[in-house]
Amino acid sequence: MHNRAMPDIKLYSYGGCPFARRTRMTLAEKDIDYELIEIDLRNRPANFKEISPYGKVPVLFHNGNRLYESAIINEYLDEVYPEPPLMPDDPLQKAQTRIWMNYCDTQFSNASWQFMQAGDNEEKLAAARATLRECFLFIEHEGMRQLSDGPYWLGDTFSMLDIQFATFFSRYMSEPGASEIPTECTRLKTWLNLMAGHDSFLKSAA
Ligand SMILES: N[C@@H](CCC(=O)N[C@@H](CS)C(=O)NCC(=O)O)C(=O)O
């Protein structure tokens, strides 16, 4: 029980959505209280487009101001509620963080979507698995190992990059038949184990 006024924050979310979970994870990381409004995306309210211009979750209202797009919402929250900081101060590190956040939302997101859409089509599944394998190797060698020695993406300090990828890996790996992470991705595997026990990751689960 917190002895403090609840901030004026409403989050429109969906339990199974990895984008919305990122915002739940950011709020948990900063220990911010908020009102959670669960939207059933398979049976969405008729007025949902009035709430969410793209018809998607997450959407966050802060003091009546509407924000959408998970990465943008999260950077906003990080500026308004700076403790603990989730974006690095250093301009170069900040740019690198955004490059990899973007990689997650383009390359990795597309590859895992391709896998989820393949259904029982063996040819499509094999193609998606091959693309995902390339992603995992790229993340290991061009991402994590270049940025730091770990255990988090940026080193000793947990950051927005950990949030960005954690919910996506979790969503992908919960898919039946999801492929194993290649053995050589030792840095990635260590990080996945670390995330599995991370407090805000657990608190943000549906
Ligand atoms: N780029 C958006 C993507 C959000 C998104 O695609 N959310 C999905 C659920 S995981 C959604 O609301 N889909 C509903 C739809 O597209 O109709 C973000 O980062 O917030």
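Indexing begins at 1, ligand by ligand and atom by atom, following the structure's order.
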task: Determine whether the side chains of S13 and R24 contain a donor N or O and an acceptor N or O closer than 3.5 Å.
output: yes
query: Does the side chain of R187 pick up a donor-acceptor pair with the side chain of S148 at under 3.5 Å?
result: yes
query: Are the side chains of E140 and K189 in touch, meaning some heavy atoms are under 4.5 Å apart?
result: no
message: Between F169 and C104, is there a side-chain heavy-atom distance shorter than 4.5 Å?
response: no
statement: atom 4 (C) of ligand 1: closest protein heavy atom, distance to 0.1 Å, is V57 O, 3.2 Å
field: For atom 9 (C) of ligand 1, the protein heavy atom that lies nearest, with its residue and separation
entry: C17 SG, 3.3 Å
- request: With rounding to the nearest 0.5 Å, note down the distance linking CG in L36 to OG1 in T23.
  value: 11.0 Å
Going by the order shown, which atoms of ligand 1 are within less than 4.0 Å of some heavy atom of [X]?
X: G55; value: 14 (C), 15 (C), 17 (O)
X: E69; value: 1 (N), 2 (C), 18 (C), 19 (O), 20 (O)
X: P58; value: 20 (O)

query: What do you reckon, is CG of D90 surrounded by more than 12 foreign heavy atoms closer than 6.0 Å?
result: yes
- prompt: Okay, side chain of D199, backbone of E29: is any donor-acceptor separation there less than 3.5 Å?
  reply: no
Which option wins on minimum heavy-atom distance to [atom]: [options]?
atom: atom 11 (C) of ligand 1; options: R44, R22, K49, K56; answer: K56
atom: atom 18 (C) of ligand 1; options: G16, S70, A71; answer: S70
atom: atom 3 (C) of ligand 1; options: Y54, F19, Y68, F48; answer: F19

message: Side chain, backbone, both or neither: which applies to I73 and ligand 1 if a contact is any heavy-atom pair less than 4.0 Å apart?
response: neither
